[in-house]
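Here the structure comes first, spelled out in structure tokens, and everything after it is commentary.
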Amino acid sequence: MDRRSFLKFTAASGVALMSPLGIEGSARAAAATYGGPYFLLIHASGGWDPTLACDPKGSDGPVRINATFTRGQIGQAGNIRYAPISATIGGNPYGPQQFFTKYQNRLYIINGIDTTTGNHDTGTRAIWSGQVTDGFPSFAAVVAAAKTPDNPLGFIANGGYETTAGLTSLTRLGNVDSVQRIAYANRIDPANPMNTYHTNATWDRINMMQRERLDDLRKRQTLPRLSRSAGELYLARSTDNTLPQLAAALPSQAMINAATNGLHRQAMVALAGFKTGLAVAASISTGGFDTHGNHDNSHQPLMCNFLYGIDMIMQEITNQGLDGKVVVCVGSDFGRTPGYNAQQGKDHWNITSMLFMGPGISGGKVVGSTDDGQKANKVNPSTLQPDPNGTRIRCEHIQNALRKLAGVADSSAARKFPIAATEEMPLFT
Amino acid sequence: MSNAPTSRLNYVGSRSDTPRLLTLGLFATLGSALAGCGADQCLSNTQFYEQKVWAEVVATSCIKCHAPEGVAAQKNSKFLQYSQAFPGFLDLNLSNITEVAKTQYDGQSILLLKPTGKIDHGGGAVLAEGSPEYNTLKEMVKRTSSPVSCDGQSADPLSGKIEILDPTQTLRKAALQLSGRLPTDAEIATVSAGGEEALGTALDAMMTEKAFFDRLKELYNDTLLTGRYTGQGLNLLNAADYPNKFWYRNGKADDGMLTMQEQNDRTWSDYGIASEALELVAYVAKQNKPFSEILTANYTVVNPWSARVYGLNPQTLGFTNLADYYEFREAKVSITQGGNPLALPHAGILTTPVFLNRYPTTATNINRARARFTFKFFLATDLLAVAERPIDPSSVTSLTPTRDDAYCTSCHKIMDPIASTYQKWDAAGRFVPMATGWPSFMPQPGFGNAIVDNVSQYPAALQWLSQRIVQDPRFAVSALNIIYRGIMGQEPLQYPLAGDPEFAAKQKAWQEQDKVFQKVLKSFSEGNQNVKLLFKGLIMSSLYRATSVRGLDPAQAEMLGTGRYLTPELLARKIGATLGIRWVRPFDPERRDLLPTDYNLLYGGIDFDNVTRRLTSPNGIMTSVAQRMANEMSCQAVTWEYTKPLNDRLLFKYVKLSEAPEDDNGFPVPDAINNIRRNIQHLHQRILGESLDINDPEIERTYQLFVKTWRELHAAANTDLPYECEGRWDRETGAALMGAQIQVTDDRYFTVRSWMAVLSYLMLDYKFLEE
């Protein structure tokens with residue numbers, strides 16, 4: 001049964017089709033194909049060092065923050081100052097110079113973000129949800145729930161911060177070839193629509209009666225855990241017709257394996273989800289940034305490869321015809337200390353940066369800053385200009401602004417998880 | 001004084017039943033209340049500490065240094081506050097703070113003078129006089145001399161508000177969970193007659209079965225993630241240390257030319273080494289030894305194959321069956337260094353090659369990761385969570401704060417001594433007692449305020465550490481947490497943070513959970529630390545058995561019930577237990593289950609390497625896998641059942657295939673209808689665990705599915721059955737049936753596919769896919 005038939009069936013049978021989780025919208029609204037914008041969250045896991053990318057300091061300042069270059073060597077692309085580091089990727093040099101030069105007019109950079117934590121889990125949660133509180137949902141979950149309330153494939157994840165807080169389903173795709181087989185659950189041979197276990201009418205009947213039973217059970221349920229889990233199953237089941245669409249759009253596993261960059265590989269799946277209009281948001285991640293030892297030799301090639309991966313993703317967005325439809329957000333758990341430890345590593349530091357590109361984002365801007373000791377400078381919350389009497393930019397400011405950018409700030413999904421902030425910042429306006 | 005009721009839980013019965021009161025006494029009564037102030041605003045001293053002092057001051061400002069292993073404790077501070085990893089931490093803390101508050105200097109409590117820096121305080125001034133936190137402490141000091149009690153708070157808030165599974169229903173749930181099977185008729189009869197006590201006895205018996213120990217290993221594998229090295233055990237061993245590593249080839253290294261026998265020997269040698277840590281956990285449980293031995297065992301466990309790898313003679317180790325891959329025995333292992341044997345100082349899991357390799361170290365990490373995971377796995381403490389609270393970079397003056405700043409040293413002073421206990425085990429997990437070069441800035445091996453002060457004892461420092469860990473009350477909590485996660489599919493509730501808008505309700509939920517935990521931990525302690533008591537205590541509690549509540553704020557009922565989407569492993573076993581046949585990989589000679597193999601990651605499973613966190617909520621992909629499973633299994637199960645004699649059937653005991661609900665003229669056939677409904681009732685019981693009256697609406701709903709499907713097929717008059725669904729195979733073995741064994745090759749009565757529809761429907765049910 002496809003979604004349209006399902007809706008007709010429910011209307012004819014008088015079955016109430018309410019969201020199990022109290023989120024707004026009806027199945028009828030959700031039935032419309034979502035056309036964007038889509039949100040791709042890219043996480044540098046372990047705590048990256050922004051001074052090796054968009055917030056460079058140099059070795060000859062009051063504090064020797066970067067050992068491998070001086071202040072005079074720091075590059076500039078438009079308004080963006082970048083670290084002059086490089087690595088050989090695919091036989092060619094690649095680093096911040098190539099990346100920031102190419103995307104200088106599209107990038108919106110926020111430096112000097114205070115995550116208020118040095119804990120990996122908490123930092124990851126704060127960056128992508130706006131709160132340090134355990135269990136707070138990812139922005140991806142909020143936007144997926146708000147944009148397509150009954151959509152079980154709204155949030156695709158392969159790392160990063162995955163908490164949904166029951167707002168929507170989380171999907172991991174794993175080996176995409178297996179998706180073909182389960183996309184056609186009633187076909188004995190997935191390639192043969194005539195060879196089925198049940199007649200199509202019987203299969204529709206089974207699913208409809210199961211849904212009725214689950215709905216009754218859910219309504220009777222008084223334990224929050226059981227009510228939540230029944231609601232999650234109810235929501236996850238409206239995928240009858242969408243999984244074949246996704247299966248058809250997915251690249252083959254061989255094509256994915258052929259991509260050389262890990263981030264790019266993950267994004268290929270996410271972008272296929274966007275292209276079908278099924279996925280609204282995706283979270284992808286790559287790790288290794290927790291360089292407590294041998295920082296420069298370990299972190300610099302990682303950072304270059306990370307930026308290269310984002311470059312590949314931007315090209316893939318173009319190749320998939322999604323230009324102007326995907327908001328790309330890049331962040332990490334937190335930053336790394338200004339100084340080097342005894343093992344030439346850098347430890348956890350609560351000040352970090354984020355990058356943004358995509359529709360609604362004013363490119364070529366850098367907001368926020370850090371001082372020579374890599375401490376966050378305060379900004380005026382209205383003008384975003386440096387202001388010693390202002391406030392630090394924190395995760396809650398960014399996430400509240402992101403919710404506004406996405407147009408979901410007033411959705412019931414967002415209202416269910418309000419982000420506490422002492423003031424608002426017009427970061428994306 | 002209150003008379004808190006002891007009967008506050010009701011069994012859930014059939015829908016028409018009036019719930020019976022149950023006297024379990026699972027919870028302690030709430031503390032007594034004395035006369036005091038108005039009910040709306042009144043907080044007793046205990047409540048004031050819990051809701052204000054702990055949540056708003058101690059947890060955010062004090063605990064980092066004033067935990068028992070913290071900087072302040074090392075300086076003999078009398079103010080000691082325990083984290084929530086310690087059982088009964090709130091009571092301990094209130095008692096301590098009450099005593100400390102009474103100590104005065106110049107007429108003022110040191111509880112106010114020290115944090116404001118007015119007298120010597122190691123942490124300097126951390127609170128401003130007049131700040132909300134200061135005022136909270138001030139109120140606490142006042143209360144120590146004038147304790148506040150409150151009227152009207154003695155009633156048990158859950159009294160009569162919870163319905164739980166009755167003993168036989170609990171038995172089914174536990175049997176599937178612990179043993180991967182349904183309870184036998186004899187077990188059901190015994191528990192039905194004997195109630196709670198009989199349930200406990202039945203659980204004891206289940207926890208002697210092999211399946212239980214496999215489940216225990218699964219739970220610990222989800223935590224330790226040593227499954228990462230499945231099939232690679234031998235790669236973890238150094239051939240110089242273990243010259244018998246390639247015993248199955250007379251010492252010659254693998255060259256890809258193994259005979260079948262050599263390949264088999266290699267496989268089971270690999271298994272023995274890779275599963276050593278988990279098998280030790282199972283061994284300790286099987287022998288009913290104190291669970292502390294998972295860390296303190298001065299031995300490891302080997303199967304006959306890994307025994308040979310370690311150069312041991314299996315014949316001397318007491319195996320009952322030298323051909324049993326899964327039999328493990330105690331053994332003491334020596335390595336070869338400089339041509340001489342050197343006995344390993346075993347410290348349970350900590351010194352197994354698989355653990356040391358799963359949590360390696362580097363020259364720059366210097367065993368800190370191993371220390372962190374030791375805390376996490378065996379002391380229920382996330383060291384990094386100490387840094388979870390908001391920190392202010394402007395207060396940090398050092399550029400290398402992990403060494404120099406109090407924000408960082410508070411953690412490192414705890415972590416680094418433990419890191420030092422691992423100093424004689426290198427990055428690859430080799431024992432290197434003569435190794436030098438441990439960084440001089442690292443402290444002596446130690447734990448808390450104790451240290452290993454004799455250098456000659458450093459090689460055995462992990463044994464020393466193990467003994468101290470298991471004496472720490474957090475060791476038992478860590479085991480309880482791991483088992484709780486495994487059988488409940490949830491994380492234990494954490495004490496709510498100050499400022500949480502649902503603080504009060506969440507605190508009540510946490511308190512109820514804590515009462516159960518305390519009771520279970522007490523039983524564990526008094527029961528010689530037998531790990532089975534942790535399972536039993538949780539399963540017998542309302543946390544596991546609750547099915548509904550009334551009159552409670554949802555947040556206050558958050559700790560009740562399981563509601564977990566089954567893991568691939570659990571669902572695979574449940575399919576076999578209920579249908580009598582398994583969903584296996586086609587054409588696989590080993591007939592491995594599909595869910596934990598081909599569909600593992602798609603169904604939310606983990607690979608112990610890249611994907612290490614299970615999905616506990618379903619998504620569209622997972623429900624599609626379930627649909628595939630339901631259809632393939634209904635296709636197989638119906639005809640397989642009808643190829644068997646009636647007495648051997650599990651699913652269709654009450655109805656023949658020829659029994660249709662209507663005759664060819666569309667008139668109902670009452671006897672057939674009765675039998676169909678009776679069998680539907682049986683299927684609801686067997687597959688979903690529902691005991692329903694024959695007139696229950698759910699029986700009617702399922703009957704309607706059957707009859708509507710039958711009418712559709714009858715109208716179409718097509719009697720063809722998909723070839724794959726015919727009764728041509730033994731579905732238990734996969735073997736083709738021969739001659740007269742082949743039965744049910746068409747659907748002449750239109751009932752095969754009608755029953756297939758019913759089975760698919762039931763296997764897609766919430767109560768089948770979740771527990």
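Interface remark: Ser754(B) contributes no atoms to any contact with chain A (heavy atom separation under 4.5 Å). Both the backbone and the side chain of Leu226(A) come within less than 4.5 Å of a heavy atom in chain B. With a 4.5 angstrom heavy-atom cutoff, Tyr184(A) touches chain B only via backbone atoms. Looking at Glu770(B), the atoms closer than 4.5 Å to chain A (heavy atoms on both sides) all sit in the side chain, from C-beta outward. Heavy atoms closer than 4.5 Å to chain B are found in the side chain of Gln221(A), but not in its backbone. Only the side chain of Leu713(B) comes within contact range of chain A, judged by heavy atoms closer than 4.5 Å. Looking at Thr196(A), only its backbone comes within 4.5 Å of chain B, counting heavy atoms on both sides.
Between Phe503(B) and Tyr495(B), the two ring planes are perpendicular [angle over 60°; tilted spans 30° to 60°].
Thr547(B) is not listed as a side-chain neighbour of Ile164(B), based on a closest heavy-atom distance of 4.5 Å or more. Between Ile188(A) and Tyr197(A), the closest side-chain pair of non-hydrogen atoms falls below 4.5 Å.
Side-chain rings of Tyr603(B) and Tyr565(B) approach one another, their centers coming within less than 6.0 Å. Annotation: Trp755(B) is in aromatic contact with Phe706(B) [ring centroid separation under 6.0 Å].
In summary, Asp372(A) and Lys57(A) do not engage in a salt bridge, as defined by a charged side-chain N under 4.0 Å from a carboxylate O. Salt-bridge formation is not detected for the pair Asp215(A)/Arg211(A): no Lys NZ or Arg NE/NH1/NH2 atom is positioned less than 4.0 Å from an Asp or Glu carboxylate oxygen. Electrostatic pairing of Arg213(A) and Asp765(B) counts as a salt bridge here, judged by a charged N lying under 4.0 Å from a carboxylate O.
Among Glu491(B), Met559(B), Met622(B), the residue with the largest count of heavy-atom pairs under 4.5 Å with chain A is Met559(B). Contact count against chain A (heavy-atom pairs under 4.5 Å) is highest for Leu705(B) among Leu705(B), Val625(B), Asp500(B). When each of Gln490(B), Glu724(B), Lys708(B) is scored by its heavy-atom pairs under 4.5 Å with chain A, the top score falls to Gln490(B). Ranking Lys767(B), Glu712(B), Arg753(B) against chain A, the residue ahead of the rest is Glu712(B), based on heavy-atom pairs under 4.5 Å. When each of Glu558(B), Arg701(B), Gln704(B) is checked for heavy-atom pairs under 4.5 Å with chain A, Arg701(B) comes out on top.
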